[in-house]
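What follows is a single structure, written as structure tokens, with notes after it.
Convention: sequence-line order gives letters A, B, ...; per-chain numbering from 1. Since this is a predicted model, take the numbers as computed values, not measurements.
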Amino acid sequence: MVATFPLFPDETLDLCELSFGVAPAPALTTIGLADCNNFYAACERVFRPALAERAVIVLSNNDGCVIARSAEAKQLGITMGAPVHEVMSLIKQHEVVVCSANFALYGDLSRRVMSILSQRVPSLEVYSIDEAFLDFAAVPVHVQASFAQNMRAQIKRWTGIPLSIGIAQTKTLAKLANDWAKKRPSGVLALSEETINGWLLGTNIEDVWNIGPRRARFLKQHGVVTAYDLKYANSRWIRQHLYLPGARTQLELRGVPCFPLTNTRTAKQEITSSRSFGSPVHELADLKEALAFYATRACEKLRAQHSLARTITVFLSTNIFRETEPQYQQSVTIKLPHATAYTPEIVNTAHRAVEHIYQPGYAYHKAGITLSKLVSDEWVQGELFAEPPDLRQEAAMTVVDSINKHFGRDTIHVAATGQHKRPADQPPPSWQMKQEHVSPCYTTRWNELAQAQ
DNA sequence: TCTGGGGTCCTAGGACCC
DNA sequence: TCTGGGGTCCTAGGACCC
């Protein structure tokens, strides 16, 4: 493939603009990426050893589509994101083990893995539920691989979760090193100057971190097909067409860090809680119940990070995949009179919002709430004409949170979620999600502990 | 019949100001 | 034919991530 633009080097670009003034190209490999292998499927196996070596898949909420696969399931050709009904014949034919998502279990095992990692390296950045960037700067180059293998073995032994580790000069290269590490028996790869271009030549452009479908299509149209091509493409041209994100990715491929390791967890800038419904919802009353439930979850997250919200957005939609049915999507944003994390107030506001956008006659499929314009609860800007905040509200929420933490989620909840109306022997409301293959919460609920026979 | 949920960052463009 | 110009702030929407 012949590139249709001049090649690197072309040195006029201001590196400082892109890399926050970080000195170019440190000689050492300083960033590790630890990534759990097939994480959700691996979690399901931890307490069910009989699943080892069997094809296992984990489904999204409502058991809708495939969100994780064991290696065996991948081999059968079950693709990520596939709707379950499309792969049902494969599931039956090969007796694939099907699990509903159990995020309480995955979150808890994730915390254990991260805790072990944090004891082994000076600092780490938890990047997602199954990934963390590790500070390798202090580990001498010649022992990095063995150090990583030792850490990997410890995590497998202590938690049962397998993971791979890639080590490189930048986050983007560490992500790639991790992909390549997964294909090796050792599960570890430390990149060196001598080997890196060989690896990059064998890597498709769409497998580079932050190169999504759209940028990949554009790059391929212009002859940039591999990670190697992107590394040596003209940087002005990249800056012009892929803007800052593309330019940073290119520099990272060249070994210049543009995304520094950050170990402080920053508060989220917005918090969303939304779900697809287990079955279609028609009535406003049911939507209000669902929204009260989502608002409760969102407020819990809000208080957990010591924030208050100034704005709430409520949205609802019909099933966009059912093209023959009447479609309706709407959202509304309401500015709160003062920043708050008080669940009853947010539930009431969400109810006003949904009354405003609800249209009868539609089969609703999904709804949700987003809290935004978040501020710290320690530093609240007063409003000239608003009521001062009621300190009793804050105290009440603190008590509710601590009771629910101790006795279990929703021990105390707002009546608007409808839970009090429905004893356990009653059928669940139609908005509640469907989960027919959910595993026990082995590590987070006393009554679901694993038992030795 | 059946198609996830929760985030961040960046850019363009409008509103507004002097 | 010409119809200011430059700056800041805010928001919506796109692209991407897991």
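- Positionally, the nearest nucleotide of DNA chain B for A:M80 lies more toward the 5' end than for the other of A:Q269 and A:M80.
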At under 4.0 Å between heavy atoms, which parts of nucleotides 11-18 of chain C does protein reach? Answer with one letter per nucleotide, 5' to 3': B base, S sugar-phosphate only, - none.
-> S---SSSS

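- When each of A:V84 and A:R275 is assigned the nucleotide of DNA chain B bearing its nearest heavy atom, the one mapping closer to the 5' terminus is A:V84.
- Taking atom CH2 of residue A:W431 and atom P of nucleotide B:dG5, one finds them 13 Å apart after rounding to whole Å.
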Give the C-alpha distance, both sets of side-chain angles, the deciding distance and a yes or no for side-chain contact (heavy atoms from CB on, under 4.5 Å) between A:Y358 and A:K288.
-> CA-CA 10 Å; A:Y358 171 78; A:K288 288 169 88 170; over 6 Å; no

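- The ring of A:F218 has its center closer than 6.0 angstrom to the ring center of A:H241.
- To the nearest 0.5 Å, atoms NZ (A:K175) and OG1 (A:T249) are separated by 12.0 Å.
- If you take CG of A:D63 and C1' of B:dG5, they are 15 Å apart, rounded to a whole angstrom.
- Nearest to the side chain of A:C65, among B:dT3, B:dC10, B:dT8, sits B:dT3.
- OP1 and OP2 of B:dG5 both lie 4.0 Å or more from every side-chain N or O belonging to A:R297.
- Residue A:W209 is tested with A:D179, A:T172, A:L33 for a side-chain contact (heavy atoms from CB on, under 4.5 Å); the sole match is A:T172.
- In this structure, A:E86 places its CD atom 11 Å from P of B:dT3, rounding to the nearest Å.
- Rounded to an integer number of Å, the gap from CD of A:E300 to P of B:dG6 is 13 Å.
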May I have the step-by-step check of side-chain hydrogen bond (donor to acceptor under 3.5 Å, both in side chains) for A:S279 and A:W431, ending in yes or no?
-> CA-CA 6 Å; A:S279 49; A:W431 55 268; over 6 Å; no

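- The minimum heavy-atom distance between A:V58 and A:A41, with the atom names listed, is CG2-N, 3.9 Å.
- Side-chain nitrogen and oxygen atoms of A:S274 include at least one within less than 4.0 Å of the OP1 or OP2 phosphate oxygen of B:dG6.
- Once rounded to the nearest 0.5 Å, the distance linking CD1 of A:I31 with CG of A:L173 reads 9.5 Å.
- B:dC18 and C:dG5 make up a base pair, with Watson-Crick or G-U wobble contacts both under 3.5 Å.
- Rounded to an integer number of Å, the gap from CZ of A:F277 to C1' of B:dG5 is 14 Å.
- In this entry the distance linking OH of A:Y40 with P of B:dG6 reads 12 Å, nearest Å.
- When the C1' atom is compared between B:dC17 and C:dG4, the two are found 14 Å apart, to the nearest whole Å.
- A:Y243 comes within 4.0 angstrom of the backbone, heavy atoms only, and of no base.
- A:K156 places none of its side-chain heavy atoms less than 4.5 Å from the side chain of A:I161.
- Backbone-only contact: A:I271 has heavy atoms under 4.0 Å from sugar-phosphate atoms and none from a base.
- Spacing between atom CZ of A:F321 and atom C1' of B:dT3 amounts to 4 Å, rounded to whole angstrom units.
- Because its NZ or CZ atom is not both nearer than 6.0 Å to the ring centre of A:F277 and within 45° of the ring axis, A:K366 does not count as a cation-pi partner of that residue.
- Taking atom CZ of A:F259 as the reference point, atom C1' of B:dC9 lies 10 Å away to the nearest angstrom.
- For A:S276 and B:dG5, the shortest distance from a side-chain N or O to OP1 or OP2 is below 4.0 Å.
- When distances are taken from the side chain of A:K301 to each of B:dT8, B:dG4, B:dG6, the shortest belongs to B:dG6.
- Using a 4.0 Å cut-off between charged nitrogen and carboxylate oxygen, A:R217 and A:E206 do not count as a salt-bridge pair.
- Within 4.0 Å (heavy atoms only), A:N319 reaches sugar-phosphate atoms of the nucleic acid but no base atom.
- Of the residues in residues 94-110 of chain A, none lies under 4.0 Å from DNA chain B by heavy-atom distance.
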